[in-house]
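Here the structure is laid out as structure tokens; the discussion comes afterwards.
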Amino acid sequence: MNSASLIPVAQYVRRSTEHQQYSLENQSAAIEKYAESHGFRVVLTYFDAKTGLVFKQRAGLRQMLQDVVAETPLYKAILVYDVSRWGRFQDTDESAHYEFLCKSTGVPVHYCAETFANDGTFPSLIMKALKRTMAGEFSRELGVKVLAGHKRLARLGFRQGAIPGYGLRRMLVSASGVPKQELKDGERKSIATDRVILVPGPAHEVRAVKDMYRMLVSEKLSVSAIARELNRQSVAYIGGSEWGYEGVRAVLTAPKYTGCHVYGRTSIRLSTPRVKLPRSEWVLTPGAFEPLVDMSEFSEAQRVLGERTFNKSDEDLLDGLRALLASKGRLSRAVIMDSAEVPCPSTYVYRFGSLKKAYGLIGYDRPEDFGPLDLRCRTQALRDELMARIAAMFPDDVSITRPGGKWRTRLRLRRGLTVSVLIGRPIQRKRIISWRIDPARRECELVTLLARLDKENRSFLDFHVFPTMDRQERFHMSLADPWLNRGQPLNDLLAFCEVVARVRAVAHTIGGGNTP
């Protein structure tokens, strides 16, 4: 047949493992034979050498779908060896979706080695759905078998992949455990029956590992301090780089340095996101390797690390706050600073975002609960309560929004108007009370709701709405300050939307405005 009369087609081939060295050639040969018998001519090839489970790892398939959907391809069909080469997707709808994208643009998919024709008839649809399910199930069953095999070898003390770590090296051994050679970085075993174990590395690395445990247990140095000391002594980390916190902590917490092989601490089965597994599911094989440190020293190191704040869970930190509240009756920065049982306030700010949020997680979140030294927390809580009240009064017209980053929350009206909310806190000096106002510079051009607190800082005294905030620095005002005449009083929160609209209208009338 004249090649010019042949229908141009593309072929998609996929090799799922490195052991399938002849897979691509076998697929192409079968596809070529199918093309000759059906009057096709292969003009373009897409291929993948990755798992068939995850679309994002399939560059060839992604490019093919992009070519088919986004432009007019140079071919009229796509030839694939069989349904499993199209992909072993765990959701059969995903596999069907990608095929439908091709078919809907006039580029059908042909499965060359299948016993059924992909012609849309009922029998072919049934067979194709069954094959897709079987392809996905094959991966699941294979994953179970591979995992079981890895666990069996791990129980025998053999290493299952992963880098050895500082102070250790990989040793290739026979199935009976006879050492063969030390593997260098990037080298792999060539005989399937060979195994890999860990052995001590160079003497200077082994000495550095022992020094790290000594500095932690005996000298009570922090992990970061140990890293700095190693760098000061010019002790090089893996690859000649400097030591950091994570590198030192990995050495101080890995059971492999006691000769115990650990397998299965995390799981990424079927290309799902990596998850940590509970200790009950780990495979632990003590005495698998020659230890660099003894078990008693390792256990002491874990105890020392576990007592440090950084290694305490969020719940441990909150339990400390609960105990402190029970003994003192209240919480404040000063109370926390004076306690030897809980970390400093900055620890709670780092973990939970603020002391107020930490307070809220233990049920100590009402403004009246806060001590006199926590005025800032109390003021913030009252501001949040006020904004929540207004939003609840006008569920269809007002919402609370945060522009992002370190920007404060604001009120946003349905028509796109944004309102800044400021709290005026009373300051008493020589029996004279004034209110301190701290404008937010980024919000000075917004319509502003000013809420002044009563002299006890426990409830609101009054509310005023201003077209803008004409000051950017902190200032003080008296009870009947003339500056209040710039805006309009809000005598009832139910009139919030009405007063805001009126203030904005007046601002526009005199040439002002508001930036949403």
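Sequence positions, counted from 1, serve as the residue numbers for this chain.
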Partners of [X] by side chain to side chain contact (heavy atoms under 4.5 Å, CB included), sequence neighbours excluded?
{"X": "T92", "value": "R132, T133"}
{"X": "V206", "value": "P200, K210, L292"}
{"X": "A254", "value": "K256, Y257"}

Students often mix this up, so state it plainly: with edges at 30° and 60°, are the rings of W483 and F466 parallel, tilted or perpendicular?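 The arrangement is tilted - the two ring planes meet at 30° to 60°.
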
Do the rings of Y166 and W243 sit parallel, tilted or perpendicular, given the 30° and 60° boundaries?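 Y166 and W243: perpendicular rings.
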
Does the side chain of D67 come under 3.5 Å of the side chain of Y46 through a donor N or O and an acceptor N or O?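 Per modelled atom types, D67 and Y46 side chains form a pair under 3.5 Å.
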
Hey, does [Y] have a side-chain heavy atom less than 4.5 Å from the side chain of [X]?
{"X": "L446", "Y": "V419", "result": "no"}
{"X": "I437", "Y": "L422", "result": "yes"}
{"X": "T468", "Y": "R486", "result": "yes"}
{"X": "R169", "Y": "P202", "result": "yes"}
{"X": "V398", "Y": "M393", "result": "no"}

Could you measure the distance from the [atom1] atom of [X] to the [atom2] atom of [Y]? Nearest 0.5 Å is fine.
{"X": "L450", "Y": "L484", "atom1": "CG", "atom2": "CG", "answer": "7.0 Å"}
{"X": "I362", "Y": "L324", "atom1": "CD1", "atom2": "CG", "answer": "8.5 Å"}
{"X": "L168", "Y": "E290", "atom1": "CG", "atom2": "CD", "answer": "10.0 Å"}
{"X": "L355", "Y": "Q380", "atom1": "CG", "atom2": "CD", "answer": "12.5 Å"}

Quick one: salt bridge (charged side-chain N to carboxylate O under 4.0 Å, His left out) partners of [X], sequence neighbours excluded?
{"X": "E473", "result": "R441"}
{"X": "D462", "result": "R452"}
{"X": "R471", "result": "none"}
{"X": "E300", "result": "R303"}

Determine whether a donor-acceptor pair (N or O, by modelled atom type, separation under 3.5 Å) exists between the side chain of [X] and the backbone of [Y].
{"X": "R322", "Y": "L317", "value": "no"}
{"X": "D384", "Y": "A388", "value": "no"}
{"X": "D48", "Y": "G60", "value": "yes"}
{"X": "S354", "Y": "K357", "value": "yes"}
{"X": "S299", "Y": "M295", "value": "yes"}
{"X": "Q302", "Y": "L252", "value": "yes"}
{"X": "W435", "Y": "L479", "value": "no"}
{"X": "E94", "Y": "Q90", "value": "no"}
{"X": "R383", "Y": "V421", "value": "yes"}

State, to 0.1 Å, how close [X] and [Y] come at their nearest heavy-atom pair, and which atoms those are.
{"X": "Y364", "Y": "L331", "answer": "OH-N, 3.1 Å"}
{"X": "Y237", "Y": "G247", "answer": "OH-CA, 3.8 Å"}
{"X": "L318", "Y": "A358", "answer": "CD2-O, 3.9 Å"}
{"X": "P426", "Y": "L453", "answer": "CD-CB, 3.8 Å"}
{"X": "L221", "Y": "L216", "answer": "O-CD1, 3.6 Å"}

For residues 388-401, which residue pairs pass the side chain to side chain donor-acceptor pair (under 3.5 Å) check, not counting sequence neighbours?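 Qualifying pairs, neighbours excluded: D397-R414.
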
Contacts of [X] that satisfy side chain to side chain donor-acceptor pair (under 3.5 Å) - sequence neighbours left out:
{"X": "S296", "answer": "D294"}
{"X": "S420", "answer": "E443"}
{"X": "D481", "answer": "none"}

Would a line drawn from the ring center of F496 to the ring center of F463 be shorter than 6.0 Å?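 Not close enough - the centres of the two rings lie 6.0 Å or further apart.
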
Residues R249, E246: salt bridge by 4.0 Å N-O rule: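 Here R249 does not pair with E246 in a salt bridge, since their nearest N and O are not under 4.0 Å apart.
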
Would you list the pairs meeting salt bridge (charged side-chain N to carboxylate O under 4.0 Å, His left out) in which at least one residue belongs to residues 213-224, sequence neighbours left out?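 As it turns out, the salt bridge (charged side-chain N to carboxylate O under 4.0 Å, His left out) pairs with a partner in residues 213-224, which skip direct neighbours, are D211-R214, R214-E219.
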
